[in-house]
Amino acid sequence: MANKNTSVLVIGAGLAGLAAGNHLIKGGIVRVTVLEADKRIGGRIHSKRFGDGVVELGATWIHGKGPVNDLAETLNLMENAVEDDEYNGSYIASNGKSCKNELVKRAIDEFRKIIKDIYKSSEIRESPYRTMQDYMRYYLEQILHSVPDEDRDEFRDIFRTLMKVEEENHGAGLDDISLQVVPDINIITPGKNNIFAGSYYALITGLAHTITDERIHLETEVVNIDYTDPLEVKVRCQTRNGMKIYTADSVIVTTSLGVLKQNHKILFNPGLPQEKVQSIEKLGYGVANKVILYYKTPFWNLGINMKLVWRDENVGSNNNLPDWTRCLYAFNSFVTNPNTLEVWLCGKAGKDIETTPDDVIARVLTAVLRQFLNDPTVSEPDSIYKTTWFSNRLFRGSYTYMRTGASTNCIHKLSSPLVDKNNKPVVLFAGEATDAVYMSMTHGSLNSGIREAERLLMIYK
Ligand SMILES: Cc1cc2nc3c(=O)[nH]c(=O)nc-3n(C[C@H](O)[C@H](O)[C@H](O)COP(=O)(O)OP(=O)(O)OC[C@H]3O[C@@H](n4cnc5c(N)ncnc54)[C@H](O)[C@@H]3O)c2cc1C
């Protein structure tokens with residue numbers, strides 16, 4: 001059991017921060033305070049009531065199998081979880097026609113193979129291709145030789161849609177994603193995910209429960225972490241009642257990579273070591289936003305799971321649609337909230353829609369639906385909700401990706417703690433960006449919080 005007088009501050013009440021707090025308390029460090037700038041806990045896990053049910057503004061899927069599955073099992077959340085394959089759907093072209101089934105099937109099979117190769121094969125990492133896009137284009141050209149002439153264009157366009165689906169996993173264009181991708185494909189099966197029958201937020205309440213409300217200080221925004229004093233770390237916070245200083249033996253920082261990119265110079269005193277700063281700068285931090293459309297009376301009958309296949313021949317007729325529409329790749333309805341449709345926009349398009357008025361988005365999305373469904377009677381939604389992860393100063397984006405020029409070494413450097421002269425960790429780093437196996441995912445956040453709590457428990461036992 002750890003020393004009862006040891007005090008730890010955890011910055012951020014997202015999954016990583018709550019996992020850290022929970023693990024510390026269970027291990028015997030009871031003087032734990034979680035400082036959260038927002039009015040709510042959960043961070044990038046945010047389940048919100050909208051329309052006739054709940055929508056997930058942040059994390060939606062449990063990717064493959066990992067630590068989140070284990071936690072969810074212990075909280076009895078997996079019972080009615082639904083399997084979801086992100087490549088499934090009706091592939092409809094922008095001329096309103098369904099794509100040929102055999103072409104869709106072949107494109108999906110080939111795409112799964114490529115993803116497996118990219119994540120698993122070390123040979124590919126040694127290949128002359130720098131980015132995922134370069135490699136995929138090369139691979140596509142090889143496959144196209146065996147596709148009949150008359151089907152080639154359609155096959156290529158279906159394949160491009162699948163590339164957009166992959167962009168969603170990074171929040172950035174594939175032309176910026178290194179082939180040195182991280183997650184372990186032994187655990188992640190390309191395309192295969194699970195969705196909670198209830199909400200993702202149940203994970204958060206499950207963890208927060210052991211920490212208790214008194215230890216979680218909301219609307220407490222950390223503005224500076226001063227680790228110059230050998231006896232204690234001082235954390236200056238902006239609260240509803242003005243400035244407040246907290247002190248502790250150690251601090252675990254779980255703010256997103258986006259927040260570190262934006263604020264590390266002012267957040268730490270002294271400034272972070274150069275190699276950590278370089279890692280923060282080299283790793284990519286993507287933007288993925290969702291638009292959720294609510295219809296009192298849906299225009300569909302049995303749900304919609306539609307993949308959009310943009311055909312070059314329709315570009316001319318799309319001149320009146322903004323550029324970001326070409327980045328749209330799917331409209332989905334969910335069984336848990338059947339009167340809503342969801343679309344994702346990533347990278348630059350994801351940023352663009354943050355500044356686009358909701359009524360314009362609703363009008364444009366309706367035009368796209370009308371075009372693909374070849375049905376001018378499709379109604380406009382009754383209401384719309386749009387996420388703004390990039391402009392939110394507490395996140396500055398959605399999740400980390402392996403940008404060209406970065407490597408797993410950056411993650412190791414980012415996750416290493418700042419220690420005092422006795423080698424005691426005083427400032428520690430958790431959060432999805434610091435997990436070399438499950439970077440970007442909730443699995444990574446959970447792992448990282450437990451990892452840093454364990455580091456302290458080893459020191460203070
Ligand atoms: C749109 C979207 C979709 C996603 N989909 C999936 C998915 O399907 N599956 C999946 O596995 N993952 C998904 N993710 C990623 C997943 O949500 C994150 O990896 C995970 O939730 C991050 O948790 P975290 O604790 O590391 O960070 P965060 O959740 O960002 O927690 C950090 C906390 O720090 C707080 N904070 C920031 N600055 C300060 C400050 N100065 N002082 C105090 N507090 C501060 C923030 O408010 C936040 O609560 C998605 C994310 C987004 C945005």
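This is a predicted model, so every value here is computed, not measured.
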> Lys386 and Asp358: salt bridge (charged side-chain N to carboxylate O under 4.0 Å, His left out), yes or no, with the steps?
Replying inline: CA-CA 8 Å; Lys386 167 187 83 180; Asp358 284 1; 3.5 Å; yes
> What pairs meet the ring pair (Phe, Tyr, Trp, His ring centres under 6.0 Å) rule with one or both residues in residues 230-283, with sequence neighbours excluded?
Replying inline: His217-Tyr246, Phe268-Phe429
>> Working note: Ser256 + Lys261, criterion side-chain hydrogen bond (donor to acceptor under 3.5 Å, both in side chains); need CA distance, chi angles, decisive distance, verdict.
In response: CA-CA 9 Å; Ser256 74; Lys261 277 180 186 286; over 6 Å; no
>> Please give me the minimum heavy-atom distance between Leu283 and Cys410, naming the atom from each residue.
In response: CG-CB, 3.8 Å
>> Is a donor from one side chain sitting under 3.5 angstrom from an acceptor on the other, for Ser250 and Tyr460?
In response: yes
> Hey, are Thr442 and Tyr200 close enough side-chain-wise for a donor-acceptor pair under 3.5 Å?
Replying inline: yes
> Salt-bridged, Lys348 to Asp352, with N to O below 4.0 Å?
Replying inline: yes
> Any sub-3.5 Å donor-acceptor pair from Lys413's side-chain atoms to Lys276's backbone N or O?
Replying inline: no
> Charged N to carboxylate O below 4.0 Å: is that the case for Asp229 and Lys234?
Replying inline: yes
> Is any side-chain heavy atom of His209 less than 4.5 Å from a side-chain heavy atom of Asn22?
Replying inline: no
> Do side-chain atoms of Asn263 reach the backbone of Ile266 as a donor and acceptor pair under 3.5 angstrom?
Replying inline: no
> Looking just at side-chain N and O atoms, do Glu354 and Ser391 make a donor-acceptor pair shorter than 3.5 Å?
Replying inline: yes
>> Tell me whether the rings of Tyr438 and His443 are parallel (<30°), tilted (30 to 60°) or perpendicular (>60°).
In response: tilted
> Is a side-chain donor-acceptor pair under 3.5 Å present for Thr387 with Asn289?
Replying inline: yes
>> Just by distance, no angles: are the side chains of Asp52 and Tyr294 close enough, under 3.5 Å, to form a donor-acceptor pair?
In response: yes
> Have Ser47 and Glu56 got a donor and an acceptor in their side chains that come within less than 3.5 Å?
Replying inline: yes
>> If the threshold is 4.0 Å, N to carboxylate O, is there a salt bridge linking Arg455 and Glu452?
In response: yes
> What's the shortest heavy-atom distance between Val378 and Leu369, and which atoms?
Replying inline: CG1-CB, 4.1 Å
>> Does this structure show an ion pair linking Arg112 with Asp85, if we count only N-O contacts that are shorter than 4.0 Å?
In response: yes
> Which pairs with one or both residues in residues 330-365 pass ring pair (Phe, Tyr, Trp, His ring centres under 6.0 Å), sequence neighbours excluded?
Replying inline: Trp61-Trp344
> Will you find, in the side chains of Thr228 and Asp226, an N or O donor that is under 3.5 Å from an N or O acceptor?
Replying inline: yes
>> Could you go through Arg393 and Glu221, starting from their C-alpha distance and side-chain angles, then the distance that decides it, and tell me whether this counts as salt bridge (charged side-chain N to carboxylate O under 4.0 Å, His left out)?
In response: CA-CA 11 Å; Arg393 74 176 198 295; Glu221 182 165 353; 2.3 Å; yes
>> Taking the ring of Tyr399 and the ring of Tyr285, is the distance between their centroids below 6.0 Å?
In response: no
>> Whether the Glu167 and Tyr329 side chains hold a donor-acceptor pair (N or O, under 3.5 Å, no angle test) is what I'd like checked.
In response: no
> Is there a donor in the side chain of Thr434 and an acceptor in the side chain of Arg451, or the other way round, less than 3.5 Å apart?
Replying inline: yes
> So, Asn194 and Glu83: side-chain donor and acceptor under 3.5 Å apart, yes or no?
Replying inline: no
>> Between Asp176 and Tyr401, is there a side-chain donor-acceptor contact under 3.5 Å, judged purely by atom types and distance?
In response: yes
